[in-house]
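Throughout, a chain's letter reflects where its sequence line sits, starting with A, and its residues are numbered from 1.
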2 protein chains.
Amino acid sequence: MGTVSKALKLLSYFAPDRTEVGLSDLTRLSGMNKATVYRLMGELQESGFVEQGESDRAYRLGPQVLHLAALREASTPILSVSRRVLRELSDETGETTHVSLGHETHVQTLSHAYSPSHATKVTMDDAQTVTYHATSSGLAILAYADPEFVEQVLSQPLEAHTSMTLVDPNDIRTKLAAVRETGLSDTLGSFELEVHSHAVPIFGADRRAIGALAVAAPASRMSPEQQETIRAALRRAGAALTHRIGGSPPADYPQDVPA
Amino acid sequence: MGTVSKALKLLSYFAPDRTEVGLSDLTRLSGMNKATVYRLMGELQESGFVEQGESDRAYRLGPQVLHLAALREASTPILSVSRRVLRELSDETGETTHVSLGHETHVQTLSHAYSPSHATKVTMDDAQTVTYHATSSGLAILAYADPEFVEQVLSQPLEAHTSMTLVDPNDIRTKLAAVRETGLSDTLGSFELEVHSHAVPIFGADRRAIGALAVAAPASRMSPEQQETIRAALRRAGAALTHRIGGSPPADYPQDVPA
DNA sequence: AGCAAATGGTTCATTATTTGAACCGTTGGT
DNA sequence: ACCAACGGTTCAAATAATGAACCATTTGCT
């Protein structure tokens, strides 16, 4: 692994529940030498990717990441566009909605929206990191990913988040084939019990799945009619989002609801 | 300069008007060896900081920057908070407003809002990079920055964007003292002719100026009354933004409008 | 108060990585 | 058919990264 990758890997230890990390923590988490971490963080700091607290000297993500994100948004406005799509989809379905992006080994939540129509709802954090195999979003992305990439993900240890999580690679391959039939994935309690989640893939300009749009509802509220509402709304919203970021679905993506 | 800094420097060549950059362009822009750039970009790509187009193989900023920005926003919500503040400030003043962050050598626009009340308005891009010495935002930040930092900025060549730009370091030091008197800076045509811009600094938790909030109006519309409206609105909005991101102004910051 | 352990930070000889000139194979223009 | 520019690749030489041991403060415990 090159030096640059090591430095960037240090950034990945920031998480919603760990927004500040000290030097020793980073050393332990990364397994690198303390002097190495210190120097790398120093370079990241010079470039504005992290900043250091005055008192405790813990590292935080710096303003430079906002600048780069604004720049990325200027060319491919996923965030700003998805915010509107999420709002509409939440209003339409009455449930919590979110968009996620597929990364090398994990799926990352980018943004979410709640519906005010129910007191009980699935709660979310932005910037959450979740697994491919246990979430409807992850499965939606995998279903339209390169076969090699799928195998790479399935070759890693698959954690059982709940008793409902699919952990057998063959079960997952079967599931992915089913997802491809309809262009839509769903999971019941496989990431968190009592949560029934539906997702559709979002495609980029190169017709590859870059992320997913999902609706997460309490399982208790999921009637067949509600499910049909969600599926229809999700299909429409997904197509809209794909289109509005300049992407297009692959030729084999189901355009209509299959019989 | 360490390897990591070199890699991160490559990211700085992305700009609103250059969202895709090829290998040769990067080599020229950075002055580094082509093989070096290639390897560094490869590492940045592996970590998701950039991605490559299928056809032309040009590099774009990758989805990882969105993830980091979402993470930073979760702990210090400048962006989401400032959006609301900007909206209100634009409605109140009837002019274009924007927030910027102070960086090592430049000032970067993060977000902006327009007012619908006039047909002519100052137009903006997000993620624009501008100079410290020629903008009201830059001067507002400098006025509350460490003296060493001010000297560092003033020791570099100061470009005259227009005939009105202050380029003599002594003139700028005098200007900064005047800004400290009122806690508010303004420039008339020093970045772009015909634009009259007002700005207040935004302070972080450590009471240092991290950025600025600004109102940019066509010079032709700037009457003494309009100016007073803007100053008052800007002071209130700046205090609100500083407060809502968990920051506080330094002890010597003028709290009330001076006599 | 006094101690022990953990923290951030620093040093410097050893080591491993980065570097750059020259080299392919392709593509697009004339 | 040519030339120039592109992305990508190679390998010996040069340089930068590394890690064990060290110091100074801070924190937590008795």
Run the side-chain contact (heavy atoms from CB on, under 4.5 Å) check on A:Val153 and A:His133 step by step: do they pass?
CA-CA 8 Å; A:Val153 170; A:His133 68 282; 5.6 Å; no
What protein N or O atoms touch nucleotides 20-22 of chain D N or O atoms at under 3.5 angstrom, if any, and at what distances?
none

Tell me, with the steps shown, if B:Leu11 and B:Leu61 meet side-chain contact (heavy atoms from CB on, under 4.5 Å).
CA-CA 8 Å; B:Leu11 294 178; B:Leu61 285 170; 4.0 Å; yes
Between B:Glu43 and A:Arg28, name the one whose nearest nucleotide on DNA chain C is closer to the 5' end.
A:Arg28
Looking at A:Glu192, I'd like to know if its CD atom is crowded, meaning that more than 12 non-hydrogen atoms belonging to other residues, nucleotides or ligands lie closer than 6.0 Å.
no
Length of the line joining A:Met32:CE and D:dG19:P, which is rounded to integer Å:
10 Å
For residues 61-79 of chain A, which residue pairs qualify under side-chain hydrogen bond (donor to acceptor under 3.5 Å, both in side chains), counting only residues two or more places apart or in two chains?
A:Gln64-A:His67, A:Gln64-B:His103, A:His67-B:Gln108, A:Arg72-B:Glu51, A:Glu73-A:Ser80
With the side chain defined as heavy atoms from C-beta on, A:Thr36 is closest, among D:dG8, D:dC6, D:dT18, to D:dT18
Heavy atoms, side chains only, cut-off 4.5 Å: are A:Pro249 and A:Tyr144 in contact?
no
Fit a plane to each ring of B:Phe49 and A:Phe49, take the angle between them on a 0 to 90° scale, and name the class: parallel (under 30°), tilted (30 to 60°) or perpendicular (over 60°).
tilted
Measure the distance from CG on B:Leu40 to C1' on D:dG8 and round it to the nearest whole Å.
15 Å
For DNA chain C, note the earliest and the latest nucleotide, 5' to 3', having some atom under 4.0 Å of a heavy atom belonging to chain A.
C:dT7 to C:dT18
Is the distance from OP1 or OP2 of D:dG7 to the nearest side-chain N or O of B:Tyr38 less than 4.0 Å?
no
May I have all residue pairs that pass side-chain hydrogen bond (donor to acceptor under 3.5 Å, both in side chains) and include part of residues 1-11 of chain A, sequence neighbours excluded?
A:Ser5-B:Glu43
Scanning both residues in full, the closest heavy-atom pair of A:His98 with A:Thr109 reads CB-CG2, 4.2 Å
Quantified as the angle between the terminal helix axes (five pairs each), what is the overall bend of the helix from C:dA1-D:dT30 to C:dT30-D:dA1 to 10 degrees?
60°
Side-chain contact test, heavy atoms from C-beta onward, threshold under 4.5 Å: evaluate it for B:Glu159 versus B:Thr165 and give yes or no.
no
Between A:Glu151 and A:Arg173, does the salt bridge (charged side-chain N to carboxylate O under 4.0 Å, His left out) criterion hold? Intermediate values first, please.
CA-CA 9 Å; A:Glu151 289 311 312; A:Arg173 287 190 198 96; 2.8 Å; yes
Please list, in numerical order, the residues of residues 1-25 of chain A that have a heavy atom closer than 4.0 Å to any atom of DNA chain D.
A:Thr3, A:Lys6
Can the ring centroids of B:Phe14 and B:Tyr59 be said to lie less than 6.0 angstrom from one another?
no
With a 4.5 Å heavy-atom cut-off, do B:Tyr13 and B:Leu26 have their side chains touching?
yes
Report the distance from atom CZ of B:Arg39 to atom C1' of D:dT9, rounded to the nearest whole Å.
13 Å
Measure the shortest side-chain to side-chain distance between A:Ile210 and A:Ile78 over non-hydrogen atoms and say whether it is less than 4.5 angstrom.
yes
